[in-house]
Number of protein chains: 2
Amino acid sequence: MSVTIKDVAKKAGVSPSTVSRVIAEHPRISAKTSRKVREVMDELGYHPNMMAKSLVSKTTKTIGVILPRPAEELLLNFFFYEFMRGVMAQLTRAGYDLLMAGGNNEREELETVTRLVRGGRIDGLLLLYSRIADPIIAFLHKEKVPFVLIGRSLDYENVLSVDNDNVQAAYDATKHLIAQGQRRIGFVSGPTHLAMTQDRLAGYTKALAEAGLPFKQGWVVEGEFLLESGYRAMASIMSQPEPPTALVVIDDFVAFGVLKGLAELGFRVPQDVAIVSFNNIALAELTMPPITSVDIGTYQLGYTASQMLLSTILQEQIQPRQLIPHRLVIRESSLRTFFPV
Amino acid sequence: MSVTIKDVAKKAGVSPSTVSRVIAEHPRISAKTSRKVREVMDELGYHPNMMAKSLVSKTTKTIGVILPRPAEELLLNFFFYEFMRGVMAQLTRAGYDLLMAGGNNEREELETVTRLVRGGRIDGLLLLYSRIADPIIAFLHKEKVPFVLIGRSLDYENVLSVDNDNVQAAYDATKHLIAQGQRRIGFVSGPTHLAMTQDRLAGYTKALAEAGLPFKQGWVVEGEFLLESGYRAMASIMSQPEPPTALVVIDDFVAFGVLKGLAELGFRVPQDVAIVSFNNIALAELTMPPITSVDIGTYQLGYTASQMLLSTILQEQIQPRQLIPHRLVIRESSLRTFFPV
DNA sequence: GCGGATAAGTAAAACGTTTGCACAACCAGA
DNA sequence: TCTGGTTGTGCAAACGTTTTACTTATCCGC
């Protein structure tokens, strides 16, 4: 049906092996033959069949991304798109494609990974999050499949990973509130089984401790990466006899819920409650008021992770763990001195 | 290296063909043999090599999505993730994977598509937008590759597509403003080479005509899908001797810019200027005031598009064009009777 | 003008499946 | 007992590449 290497060979008057070598730019092909073959390739509109190629070369020029399951879906939300932009930029540059696959539960997810890896469909894998005792990581580790983790592994040493210094980031954010004169600072958290959440919580408590400020259990609310989660957190956290006057929020999207909740309860931001958050998605500057947020370099995260993965696949030497710098972007939501016009 | 069909065959004491037929659930395999072979497969941890399989079957159980280029990135942004959720839900259900690929310019993009299609890497394609005289559509059409378009083709009949009734949607939105007693209604538009923009504009003018309201050229501003676009539009549209008292805005993101622009010019929303918009992204309810927006069922768009694509691949009969219903979500930005507390 | 390197190319096996065809065994009906 | 159909399985070709091992042709120094 489609035009194959044999068709080209026949028309160019050479053998299939020669055509193959022309494509691979094998040194032992004369300039003349090469030119002739390329001419015929153009003429016939030849494109190599990737399946045949992969079958023998055992490489697919494709890397896989396993999508988080429904529960975590919204976690990545806008974050995800920005991350993927970074990934795609790198992959496009290197001539790789990206395969996305999912699964509805942990078993299916592992099954998908097995299928892709053992089925020879991908050369490497990008993991978007890390749970405790993740069976996927265990599997990949055992099979020696190249993979890069966003975040850090809680179970294995030496896993390739790209991360932020989340402890420091949360420390910086909390410090900023303290510098604004805040003394009663709460924390609206994410799922605690994620390394990221744990790290940010650690940075928060560290800053409090250093400043000699109280850590109150009631001022910390666990939740998910959902708008509703932030919204609901306000009901519980702000109904206390002495509610916090400032909040560190795990994620911008959750912060949107926090804004909504506070507005309904009649609290003004930042006059009554100041807010800092994480990720600095594009919408953070569009809310009322705009949200102070830690920019974690989402695009860079994706770009660097892919770069590491490609390097590993090509057997290049790399540093197993890279940190992307963060940056606190200060906007009105955290400024005590802010007075609206 | 990896365990193949031959290994299984040998261990089970049958021929490779038999193993293959067991996997394919061929009717003429005895229950006994089937059981035996499956046992061995489990025991050895066999997983079929997809490359070999695809090579002979000419099918990959993979569908492709071509990412929009930088210029259009923002257009899809908030859309994209929600859309992809719908796509993935459908594909996961059907056991298909998704291949994402990009290109930095029109030439590269077409090259990518050619490579994927001719290289036999995908069974079908999802196109996220439609331009006038799109060479990709021309190519796919010529090659008879199954594909589904989001929106509608301006060049070809009979292209499979999933769309909203954008004319009706804009008609509904405009009608709503008219029902609120508005008489001077403007339109903040997007790029006019997109079918979507043209359709929404048509619905707007239709509603005006029906109500006997004036259509003024100065009340319609063309722009892009950017916040700045809405912001700038206000400067030109509101400086006229008789500016509109209500606006239909092409997209929520643009509407944010409109809000910002109006605030700076000293107009209150909705008291001085009422607003309706499209897409109903999550943030639409978080602005001040919350924005009335037409929900276009983004998730459904993705889900249905994938469904159509899969049906086509399986040669099932389908309706070539499907419309996803829309729904006007009314919030404060459009209510004349709204008085802020 | 010969031996031996070197350059340029070919033939054929291999990659791991699927599938058309052949065939043996069995069974039912006459 | 024969005929003809059905059932279960195996053989080998095919899919479109890459790559190893081999064949020629050419060239060079002596």
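The sequence lines fix the lettering, A, B, ..., with proteins before strands; numbering per chain opens at 1.
- Summarising the geometry, atom CG belonging to B:L91 is positioned 5.0 Å from atom CD1 belonging to B:I63; distances are rounded to the nearest 0.5 Å.
- Scored by the side-chain hydrogen bond (donor to acceptor under 3.5 Å, both in side chains) test, B:R107 finds B:E111 as partners (sequence neighbours excluded).
- Applying the side-chain hydrogen bond (donor to acceptor under 3.5 Å, both in side chains) test to A:E316 and every residue at least two apart in sequence or in another chain returns A:S311.
- As rounded to whole Å, 17 Å separates atom P of C:dG16 from atom CZ of A:R121.
- In this structure, A:L55 places its CG atom 17 Å from P of D:dA14, rounding to the nearest Å.
- For the pair B:M50 CE and C:dT18 C1', the computed distance is 13 Å after rounding to whole Å.
- The side-chain hydrogen bond (donor to acceptor under 3.5 Å, both in side chains) check on A:S161 picks up A:R321, with sequence neighbours excluded.
- Listed by chain and residue number, nothing satisfies the ring-ring contact (aromatic ring centres under 6.0 Å, His included) test with A:F139 (two or more places apart in sequence, or in another chain).
- At whole-Å resolution of the value, CZ in A:R118 and C1' in C:dC15 are 18 Å apart.
- B:E108 meets the side-chain hydrogen bond (donor to acceptor under 3.5 Å, both in side chains) test with B:N104; sequence neighbours excluded.
- For the ring pair (Phe, Tyr, Trp, His ring centres under 6.0 Å) condition, no pair includes a residue of residues 16-54 of chain B, sequence neighbours left out.
- B:A101 meets the side chain to side chain contact (heavy atoms under 4.5 Å, CB included) test with A:D97, B:T112, B:L116; sequence neighbours excluded.
- Computed from coordinates, the B:N49 CG to C:dT17 C1' distance equals 8 Å when rounded to whole Å.
- At a non-hydrogen distance threshold of 4.0 Å, A:Y46, A:H47 from residues 23-47 of chain A come into contact with DNA chain D.
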Can you give the donor-acceptor pairs under 3.5 Å from side chains of residues 10-17 of chain A to other protein atoms, not counting sequence neighbours?
residue: A:K11; atom: NZ; partner: A:E43; partner atom: OE2; Å: 3.1
residue: A:S15; atom: OG; partner: A:S17; partner atom: N; Å: 3.4
residue: A:S15; atom: OG; partner: A:S17; partner atom: OG; Å: 3.1
residue: A:S15; atom: OG; partner: A:T18; partner atom: N; Å: 3.4
residue: A:S15; atom: OG; partner: A:T18; partner atom: OG1; Å: 3.2

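- An OP1 or OP2 oxygen of D:dC15 is reached within less than 4.0 angstrom by no side-chain nitrogen or oxygen of A:K6.
- Shown for residues 14-22 of chain B: residues whose heavy atoms fall under 4.0 angstrom of DNA chain C, namely B:S17, B:S20, B:R21.
- In the helix from C:dG1-D:dC30 to C:dA30-D:dT1, the terminal helix axes, each the rotation mapping four pairs' C1' atoms onto the next four within five end pairs, subtend 40°, rounded to 10°.
- We find that NZ of B:K58 is positioned 7 Å from P of D:dC15, with the value rounded to whole Å.
- Looking only at distances, a side-chain donor or acceptor of B:R118 sits under 3.5 Å from a matching main-chain atom of A:G45.
- Here B:N164 pairs with B:N166, B:I296, B:L301, B:I324 under the side chain to side chain contact (heavy atoms under 4.5 Å, CB included) rule; sequence neighbours left out.
- Taking atom NZ on B:K53 and atom P on D:dG16, their separation rounds to 18 Å, with Å as the unit.
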